[in-house]
Amino acid sequence: MASFFIYTISISYLLIMLPMFICISDQAFSEDISEAIAMKRMMKTSHLHFYFHDIVSGKNPSAMKVIGTEIMSFGTTFIIDDALTEGQEPTSKIVGRAQGLYAVAAQNDLALLMVINYSFTDGKFNGSSISILGRNHVFDDIREMPIVGGTGLFRFARGYALAHTIWFDIKTGDATVEYNVFVQHF
Ligand SMILES: *[C@@H]1O[C@H](CO)[C@@H](O)[C@H](O)[C@H]1NC(C)=O
Ligand SMILES: *[C@@H]1O[C@H](CO)[C@@H](O)[C@H](O)[C@H]1NC(C)=O
């Protein structure tokens with residue numbers, strides 16, 4: 001794909017190709033670097049498919065309750081470092097980790113606020129990450145959550161994730177959730 005220099009700012013088609021190498025002057029608090037960077041015209045759309053394993057019970061939980069006493073009530077908050085796998089089984093190949101937190105942010109419902117960094121460790125997106133910030137009404141069949149940004153190949157990312165529970169143990173809170181992520185990036 002041809003890449004070329006554009007000297008005007010096109011809000012929707014910006015790609016900073018060289019941020020690692022650009023020497024930002026240490027004198028100015030901010031500066032316009034659009035002439036110094038290469039920009040590509042088209043955004044790509046990628047589809048990612050993986051499974052999220054949230055383990056609350058047992059000796060090695062990947063989700064730890066940090067606020068709250070009951071299993072799940074208004075305000076209950078968990079910090080997580082969950083494995084993301086290619087297949088549905090927890091023993092399937094690990095393709096990344098979901099690190100962040102979720103909290104019950106509804107008084108009369110089981111709806112979570114998700115603030116999670118999904119970082120990938122396999123394939124072309126190894127080392128790249130997406131950030132999800134959104135509401136997760138856990139008993140809905142499909143929950144949609146926005147992707148608010150990313151790192152690595154996902155710089156300037158935006159898009160959405162569709163989460164679908166495969167398995168949920170209401171007593172312990174352990175769950176396996178299927179994710180279909182649609183993400184636009186350069
Ligand atoms: C998300 O993960 C990526 C890759 O591990 C890391 O570079 C980035 O700093 C993380 N972002 C946040 C907000 O934790
Ligand atoms: C992902 O990247 C890291 C760091 O560059 C590397 O050590 C690791 O082997 C890579 N993993 C895969 C599965 O390619």
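First listed ligand is number 1; within each ligand, the first listed atom is number 1. Scope of the values below: all heavy atoms of this structure, side chains included, with no hydrogens, waters or symmetry mates. Keep in mind the model is a prediction, meaning the values are calculated, not measured.
Among residues two or more places apart in sequence or in another chain, the salt bridge (Lys or Arg N to Asp or Glu O under 4.0 Å) test is passed with Arg97 by Asp81. For Lys65, there are no salt bridge (Lys or Arg N to Asp or Glu O under 4.0 Å) partners at least two apart in sequence or on another chain. Take Ser46 and apply the side chain to side chain contact (heavy atoms under 4.5 Å, CB included) test, not counting sequence neighbours, and it matches Phe125, Val183, His185.
Interface of Ser119 with ligand 1, defined as ligand atoms under 4.0 Å from a residue heavy atom, comprises 2 (O), 4 (C), 5 (O).
Considering backbone and side-chain N/O atoms, Asn117 comes within less than 3.5 Å of an N/O atom of ligand 1.
Between the Ser92 side chain and the Gly87 main chain, a donor and an acceptor come within less than 3.5 Å of each other. Side chain of Asp122 to main chain of Ile94: no donor-acceptor pair is present (N/O by atom type, distance under 3.5 Å, no hydrogens or angles).
Between the side chains of Glu178 and His49, a donor-acceptor pair is found at a separation under 3.5 Å. Using a 3.5 Å distance cut-off with no hydrogens or angles, the side chains of Asn117 and Ser129 do pair a donor with an acceptor.
Using a heavy-atom distance under 4.0 Å as the criterion, the protein contacts of ligand 2 are Thr121, Asp122, Asn126.
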